[in-house]
There are 2 protein chains.
Amino acid sequence: MARVTQPLSQPTLPAEVADRLKRDGDALVCAVVQQHDSGEVLMVGWMDDEALCRTLTSGRVTFWSRSRAEYWRKGDTSGHAQYVKTVALDCDGDALLVRVDQIGAACHTGARTCFDGHDLGAVEGRPGE
Amino acid sequence: MARVTQPLSQPTLPAEVADRLKRDGDALVCAVVQQHDSGEVLMVGWMDDEALCRTLTSGRVTFWSRSRAEYWRKGDTSGHAQYVKTVALDCDGDALLVRVDQIGAACHTGARTCFDGHDLGAVEGRPGE
């Protein structure tokens, strides 16, 4: 039997999604990652079209690292994977909400979220003030 | 009695906060806005140093509008104010988590959040896959 070589089929972002993205000057949108059941905001990362496509199709969250200029899949080095539950794009197309099941710590420091322990001491507001 | 004129005292961002901000090419950091009790992620906005300073000191959330190139205080035109509960900066200084009490709809479309109804149909991930 003759061997038939075909190009690998790479998934690409559907046009109806790509057309709605409002990318920044670096072709990125920000991605807010939230624990699906507790509602904790775990971290914020950045995605280009390819990272979003991988996230939508693989069940694992993939980001673009602005500092290292490479793709990274959360958990590949730490074991602290993020398993996708849902992904939504906001009304004006420049932010994603990625609801996940986070294994262990989301922050590279070992904290559960990247915001833990970094309170800025804001003045609290109340209606009527 | 002689009148003494003094410059208005404008609050400025404390140096220990300003020094930790990792601003993008437009001098902005992204701000994730979350309803403090339900955990809903309501919207994502953008803040420069001045918008963050106003948010930390006034009890009301102020953003920088990238499209209109001006400050805007959520609720001033819609009545849908965001009253600040807490503000935290993430581990690497490029994202803020602003926990608020949101009056009414957070989205300009009238939806409660800017992500409502914009699900992208992601494949769900599970450990072991």
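Reckoned from all heavy atoms, side chains included, excluding hydrogens, waters and symmetry mates. Chain identifiers are assigned alphabetically (A, B, ...) following the order of the sequence lines, protein sequences preceding nucleic acid strands; residue numbering begins at 1 within each chain.
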Heavy-atom closest contact ([X] atom, [Y] atom, distance):
X: Ile103(B); Y: Pro127(A); answer: CD1-CG, 4.4 Å
X: Asp90(B); Y: Phe115(A); answer: CB-CE2, 3.5 Å
X: Cys91(B); Y: His118(A); answer: CA-NE2, 3.9 Å

Item to check | Most contacts with chain A, counted as non-hydrogen pairs under 4.5 angstrom, among Asp24(B), Val41(B), Asp116(B) | outcome: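 Highest number of heavy-atom pairs under 4.5 Å: Val41(B).
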Checklist entry - For chain A, which of Val98(B), Leu97(B), Val44(B) has the most heavy-atom pairs under 4.5 Å? => result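 Greatest number of close heavy-atom pairs with chain A: Leu97(B).
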Which region of [X], side chain (C-beta onward) or backbone (N, CA, C, O), has a non-hydrogen atom less than 4.5 Å from a non-hydrogen atom of chain A, or is it both or neither?
X: Val32(B); value: side chain
X: Val17(B); value: side chain
X: Ala81(B); value: neither

Item to check | Shared hydrophobic cluster for Leu89(A) and Met47(A) (ILVMFWY, side-chain gaps under 4.5 Å) | outcome: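 In one cluster: yes.
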Item to check | Hydrophobic cluster identity match, Trp46(A) and Val33(A), side-chain contacts under 4.5 Å | outcome: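 They do not share one cluster, since no chain of ILVMFWY contacts under 4.5 Å joins Trp46(A) to Val33(A).
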Which one wins on heavy-atom pair count under 4.5 Å against chain B: [options]?
options: Asp26(A), Leu56(A), Leu96(A); answer: Leu56(A)
options: Ala88(A), Gly121(A), Ser38(A), Ala111(A); answer: Ala88(A)
options: Val100(A), Asp92(A), Asp119(A); answer: Asp119(A)

Next on the checklist: At a 4.5 Å cut-off on heavy atoms, which part of Arg20(A) comes close to chain B: side chain, backbone, both, or neither?
Outcome noted: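 For Arg20(A), side-chain heavy atoms alone lie under 4.5 Å from chain B.
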Item to check | salt_bridge(Asp94(B), Arg66(A)) N-O dist < 4.0 Å | outcome: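 Yes, this pair counts.
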Checklist entry - Any Lys/Arg nitrogen of Asp101(B) or Arg126(A) sitting under 4.0 Å from an Asp/Glu carboxylate oxygen of the other? => result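 Judged by the 4.0 Å cut-off on N to carboxylate O distance, Asp101(B) and Arg126(A) do not form a salt bridge.
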Next on the checklist: Rounded at 0.5 Å granularity, tell me how far OG1 in Thr86(B) sits from CG in Leu120(A).
Outcome noted: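 Answer for the OG1-CG pair, Thr86(B) versus Leu120(A), is 9.5 Å.
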Checklist entry - Counting only N and O atoms by type, is there a donor-acceptor contact under 3.5 Å from the side chain of Gln34(A) to the main-chain atoms of Gly39(B)? => result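 Answer holds: yes.
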Checklist entry - Residue by residue, which of residues 67-77 of chain B have a heavy atom closer than 4.5 Å to a heavy atom belonging to chain A? => result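 Not one residue of residues 67-77 of chain B has a heavy atom under 4.5 Å from chain A.
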